[in-house]
Amino acid sequence: MTSALIQTADGAFTAHFSDSGLAGLDFPTGETVSRTATKELSAQWSSWLRLTGRALEQALAGKTPDRLPPLDLSSGTVFQRRVWNALRKIPSGQTKSYAQVAQSIDRPGAVRAVGQACGANPIPVVIPCHRVLAAGGKLGGFSSGLDWKRKLLTREGTIPEPD
DNA sequence: AGTTCGGACCGTT
DNA sequence: AACGGTCCGAACT
C-alpha cells in the first residue's frame with residue numbers, strides 16, 4: 001500500500017493504492033501527507049497513478065472518465081459494495097435519491113443504510129456519491145463538505161436546489 | 001408554502 | 001444499543 005499526491009486545479013488530492021488497485025482518494029487538506037516519491041513507485045503503481053490522475057481531472061471537469069485504474073473496494077462490506085456499484089451507474093448530469101438507489105439494489109427499505117454507505121465511499125468523485133440527493137431534489141448531506149457536492153454537481157450541469 | 005416532530009426503516013460499530 | 005449523507009405523513013405557522 002502506498003499513497004501519492006495528485007495535483008489538480010482544485011488542490012492536491014491523495015490517492016491510496018493497494019496491490020490490487022486504487023483503494024482510496026482523499027480530498028485536498030491543508031496537512032502534509034506522507035507519500036512515496038513518484039520515481040520510487042513500482043511500474044504498476046505509477047501506471048495506476050497516471051490513470052487516476054487523468055480520471056480525476058476529467059471527473060472534476062464534469063466529464064465521464066474514459067478509463068479508470070482497477071479499483072480495490074475490498075474494504076467495504078457486501079452491502080456497501082453493492083451501493084457503490086449502483087453509484088457508478090449514475091451518469092454524469094443525472095442524480096438519484098437515496099430511496100431510488102435503495103430500490104435499485106433491491107433493498108427498498110435500506111434508505112438510511114444507503115446514506116451510510118455513501119459516506120463510507122473510499123473513492124469519492126470517481127465513485128460519484130455526490131450524485132445522490134435527498135428526496136425532492138434537495139441537496140442532502142456530504143461527509144467531505146457540501147461545498148464539494150455543490151461544486152461537482154454544478155460542473156456536471158446539474159443545478160442543485162438552494163437547500 | 002414552509003417548518004418541525006415522530007416514527008419506521010436497515011446496515012454498521 | 002445507538003447512530004446515520006433518509007423518508008413520509010401530520011400538524012402546525
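Excluded from the calculations below are hydrogen atoms, water molecules and symmetry mates; all remaining heavy atoms, backbone and side chain alike, are included. Chain naming here is simple, since letters A, B, ... match the order of the sequence lines and numbering starts at 1 in each.
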Of A:Thr52, A:Asp26, A:Thr14, the one forming a side chain to side chain contact (heavy atoms under 4.5 Å, CB included) with A:Ile6 is A:Thr52

With A:Arg50, which residues qualify under salt bridge (charged side-chain N to carboxylate O under 4.0 Å, His left out), at least two apart?
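Per chain and number, A:Arg50 pairs via salt bridge (charged side-chain N to carboxylate O under 4.0 Å, His left out) with no residue.
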
Residue pairs passing the ring pair (Phe, Tyr, Trp, His ring centres under 6.0 Å) test with at least one member in residues 138-157 of chain A, sequence neighbours excluded, are A:Phe13-A:Trp148, A:Phe27-A:Trp148

Checklist entry - So which pairs with a foot in residues 55-98 of chain A pass ring pair (Phe, Tyr, Trp, His ring centres under 6.0 Å), sequence neighbours left out? => result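 Qualifying pairs: none.
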
Can you pull the contact range of chain A along DNA chain C, 5' to 3', using atoms under 4.0 angstrom from its heavy atoms?
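Here the contact window of chain A covers C:dC3 to C:dC8.
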
Listed partners of [X] passing side-chain hydrogen bond (donor to acceptor under 3.5 Å, both in side chains), at least two apart:
X: A:Arg81; answer: none
X: A:Arg82; answer: none
X: A:Asp72; answer: A:Ser18, A:Ser20, A:Ser74

Which pairs would a plain distance check flag for residues 56-68 of chain A, meaning a side-chain donor or acceptor within less than 3.5 Å of a matching protein atom at least two apart in sequence or in another chain?
from    : atom 1 : to      : atom 2 : distance (Å)
A:Gln58 : NE2    : A:Arg54 : O      : 3.3
A:Gln58 : NE2    : A:Asp66 : OD1    : 3.2
A:Asp66 : OD1    : A:Arg54 : NH2    : 3.1
A:Asp66 : OD2    : A:Arg54 : NH2    : 3.2

Exactly one candidate in A:His130, A:Gln94, A:Lys151 meets side-chain hydrogen bond (donor to acceptor under 3.5 Å, both in side chains) with A:Glu156; the answer is A:His130

Classify the nucleic acid contact of A:Val114 as base, sugar-phosphate or nothing, counting any heavy atom under 4.0 Å across all strands shown.
nothing

DNA chain C in dot-bracket form (Watson-Crick or G-U pairs under 3.5 Å, [ ] crossing, | inter-strand) is ||||.||||||||

Please list every donor-acceptor pair under 3.5 Å in which a side-chain atom of residues 100-112 of chain A meets a protein atom from a residue at least two apart or in another chain.
from     : atom 1 : to       : atom 2 : distance (Å)
A:Gln100 : OE1    : A:Ser97  : N      : 2.9
A:Ser104 : OG     : A:Val101 : O      : 2.8

Walk me through whether A:Lys138 and A:Leu133 qualify under side-chain contact (heavy atoms from CB on, under 4.5 Å). CA-CA 6 Å; A:Lys138 291 189 303 280; A:Leu133 307 185; over 6 Å; no

- Item | Neighbours of DNA chain C within residues 86-93 of chain A, by heavy-atom distance under 4.0 Å |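 The stretch gives none, as no residue of it lies under 4.0 Å from the strand.
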
All N/O contacts under 3.5 Å from nucleotides 9-13 of chain B to the protein, with atom names and distances to one decimal?
from   : atom 1 : to       : atom 2 : distance (Å)
B:dG11 : OP1    : A:Arg107 : NE     : 3.3
B:dG11 : N2     : A:Gln116 : OE1    : 2.4
B:dG11 : N2     : A:Gln116 : NE2    : 3.3
B:dG11 : N3     : A:Gln116 : NE2    : 3.2
B:dT12 : OP1    : A:Thr77  : OG1    : 2.0

Taken to the nearest 0.5 Å, the spacing of A:Ile123 CD1 from A:Arg88 CZ works out to 8.0 Å

